[in-house]
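Down below is the structure, laid out as structure tokens.
All values reported here derive from a predicted model rather than from experimental measurement. Chain naming here is simple, since letters A, B, ... match the order of the sequence lines and numbering starts at 1 in each.
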Amino acid sequence: MTLIADIIVDVPTLQTNRPYTYSIPDIFTDIIQPGMRVVVPFGRGSRKVQGFVIDIKEHETTEMELKAVESLMDSYPVLTKELLKLGEFLAYQTFSFQVKCYQTMLPAVMRAKYSKKVRLIDEIPENLYWEVFKGKDEISWEEAENKNVLSQLIKLEKQDKVEIDYDVKDKAAAKKIKKVKPALSFEAYEEIREGIRTNAKRQKLFIDVLQSMDDKTSLSYAELRELGVTSSTIRSGLEKGWCEVFYEEIYRDPFASRIFEPTTPLTLNKDQAHAFSEIYQTIKDDQHNVFLLKGVTGSGKTEVYLQTIREVIDKGEGALMLVPEIALTPQMVQRFKSRFGDEVAVLHSGLSKGEKYDEWRKIEKEEAKVVVGARSSVFAPLKNIGIIIIDEEHETSYKQEEFPKYHARDVAIWRGNYHNCPVILGSATPSLESRARATKNVYTLLELNNRVNDYPMPDVDVIDMREEAKSGNPSIFSKALLDGLKKRIDQGEQSVLLLNRRGFSSFVMCRDCGYVLECPNCDISQTLHMDTKTMKCHYCGHEEGIPKKCPKCESRSIRYYGTGTQKVEKELKELLDDAEIIRMDVDTTRKKGSHERLFKQFENKQANILLGTQMIAKGLDFPDVTLVGVINADTALGLPDFRSAEKTFQLLTQVSGRSGRGEKEGQVIIQSYNPEHYAIQYAKQHDYDSFYKKEMNLRHLSDYSPYYYLLKITVSHENEMTAAKKIRQYTDYIRPSLSDKAIVLGPTPKSIARTHNRYHFQVLIKYKREKNLTEKIHQLLSETQKEQAKGMYISIDYQPLDFI
DNA sequence: TTAACGAGAACG
DNA sequence: GTTCTCGTTAAA
């Protein structure tokens, strides 16, 4: 019986987005399994590519000559049956390539690295041999490219004088360390000691160490060094047969130096206990159910998570806990590590690729039962999931912006269904979609309406900045906010200041002629970066110097506009002498670990004000923070996005929740130019339900989510007319297959019509039920392949979250 | 006549 | 993504 394998190859194009069949050489038949990575020859030149085995079956027909699997990259399947199936589903639903889906499920190091080499197999002209090959019999493709001899080499290849060789390298490597163990008996060492010179102190020391070890213990080179045994001593000992050296696989543990004090479960209050028991019931019964856990800030959602996870672990199953990247703070990790110790694996962007791989292996080997991580952790290779939790479920970062454009919430529910386990969506401000599903009983609603220990919600004051300006205060700080900050400094309390960056940036404008410095490639103003003293385009990365005079009218009154964190910090220092400010933004947190360091400093009260962007709004718990200020509450309200009110409400509610988490009462001051806006007013009143009602009403009137689903098609081309013509054509192609219930918006130019010197258009399809739509889009994509190859980019976003 | 270029198809 | 084929065009 011969076996063949269905393999998805790493060639991300539409035409190759399907399984290819390969024969399996006898030596692999016993080992190969679906889910393994393999190397296969592909295409005319049989170049080597990475592939994923998705199925193994018996050879049926002999009609077609099959190529054979070249080698195995894994000794065990890296993708489970479940993940293989999920990848297939995701590829279809998000209009992505199946390989891309599998690659996103795995740590980055497991993606193959390709290299091309030219190897000599016969005599070649002398000059080429010496100048290009320099006496070697193999050079890299890049070397040949640099020397401009590619065409000559290709000719030589046809004459079988040289060979072009493809290499697939696996970057995934477990870190290994060198260790030493004794090779001889206690008595033997005694004898050796007699034999060595009295002044060979190092050797004597090494003998002592070896003698003190039994054959089960071993020491690493680093440990031996600490004892005073150098590597040269070890080497000579090895030569004399005193010891043995071997390699041991280790994990790069980013939390190695940290000690986590174990914590015990806290007593749950009535609401928490109710939520817990509802969830516990489904855990016990192995039932799939989606819960929406709506709990006000500070209501103890995390404790409910922790206790349900405990139940799952005790049942012998794994738990998956998703947290938005910016909320994945050391504080958050600590709570899980303290409760579950080594059973926790943490995956976040701060880890190096190697560290991520190690955490992944720990999960794969079932050494870690609890996975805490950001979006991509939803693919964690847990084999038996007992619960999936998505904290802050309303966060838009759960949707991946690149292909595959998946939403972690959808993936979580898919996996929950597969594993027959509950999925918990937690938030103080659930997305309208989730809240609406709870109303329709698609999700089960669980509410925590009180803060733990019955701490009151903080008082929220909304300051009208228009009045402030009228009364002659030009500052970015209202009098109330400044007084509040002063008071906290005097009382030895702390404040958090949020600068809402969304829809906001600092740009350069000429005060005489109104000229704004724009990017030469994109129709967008460039942003000022004080740290590098340059202007940057946030879309294409174009960078140039800060203009000293206006390029248009030569005026020197070209000035910076807008408010950045640096500017706020500077002004604050001028206004408040005693202000000790910690600033957190992309500039100060770029370096690894700086996040944590800054938070630690604030926690240790080395500063009285924490100033930052969105990243300070989440999951932080500082008991001495009694004032939270929002400098610009409404910069996002004006954006052309139907979710902008929702996002503003969520942000204000989240950040308000940072105040008064200790025994002292908290205050929140929101500065706004639209103080009467309902998003701001309901946030002030901590009134989610009224906001929900009002917003649902508006969404209903304008036919938006959650009443309608959305699909976004974007088309871009170098030529504006071509792009416009094509998107109209595509829209006309799809329209006939839609029911009369569907609404087509556009096509329209995107609000930033040009980036990277390309023109972008989009069309939105709003629909309730369109069973043909997905299929039709797939058809569109396959029928437009030729145009896509010629520079017409088409991108489909299923349930998009942004429209800008 | 031959080399060069571009589009199209196929990849097991 | 890469390679090969085929048809056409440009250069010698």
Starting from P on C:dG1, measure out to CG on A:D167 and report it in whole angstrom. 20 Å
Examine A:Y708 together with A:Y767 and report whether their ring centres are nearer than 6.0 Å. no
Just the rounded figure in Å: distance from P of B:dG12 to CD1 of A:I7. 12 Å
Ranking B:dG8, C:dT2, C:dG1 by distance to the side chain of A:Y166, first place goes to C:dT2
Could you tell me whether A:F97 contacts a base, only the sugar-phosphate backbone, or nothing, with contacts defined as non-hydrogen atoms closer than 4.0 Å? nothing
Is A:K725 close enough and on-axis enough to A:Y730, meaning under 6.0 Å and within 45°, for cation-pi? no
In whole Å, what is the span from the CG atom of A:L14 to the C1' atom of B:dA10? 14 Å
Show me, range against range, the stems involving DNA chain B, built from at least 3 consecutive Watson-Crick or G-U pairs below 3.5 Å. B:1-11 with C:1-11
Between A:Y793 and A:H717, is the ring centre distance below 6.0 Å? no
For a salt bridge (charged side-chain N to carboxylate O under 4.0 Å, His left out) with A:D165, tell me which candidate from A:K117, A:K116, A:R119 qualifies. A:R119
Take the protein atom CD of A:E70 and the nucleotide atom P of B:dG12, then report the distance between them rounded to whole Å. 13 Å
Figure out the CG/C1' separation between A:D10 and C:dG1, and round it to whole Å. 9 Å
Using only heavy-atom distances, determine whether the side chains of A:D10 and A:Y102 contain a donor-acceptor pair under 3.5 Å. no
Within residues 32-41 of chain A, the residues having a heavy atom closer than 4.0 Å to DNA chain C are none
By the 4.0 Å heavy-atom rule, please label A:Y22 as base, sugar-phosphate, or nothing. sugar-phosphate
Take atom CD of A:Q15 and atom P of C:dT3, then tell me their distance rounded to the nearest Å. 16 Å
B:dA9 P sits how many Å from A:K786 NZ, rounded? 5 Å
Can you tell which of A:E367, A:E355, A:E249, A:E366 makes a salt bridge (charged side-chain N to carboxylate O under 4.0 Å, His left out) with A:R361? A:E249
Interatomic distance, A:K67 NZ vs B:dA10 P [rounded to whole Å]: 15 Å
Distance only, no hydrogens: is a donor on one side chain within 3.5 Å (strictly under) of an acceptor on the other, for A:Q762 and A:T714? no
Within the structure shown, what part of the strands sits under 4.0 Å from A:K116 by heavy-atom distance: base, sugar-phosphate, or nothing? sugar-phosphate
Just do the side chain to side chain donor-acceptor pair (under 3.5 Å) check on A:E82 and A:H419 with the steps written out, would you? CA-CA 9 Å; A:E82 180 212 355; A:H419 288 274; 2.8 Å; yes
How do A:V11 and A:R44 order along DNA chain C: which one's closest nucleotide is nearer the 5' end? A:V11
Is the NZ atom of A:K113 crowded by more than 12 outside heavy atoms at less than 6.0 Å? no
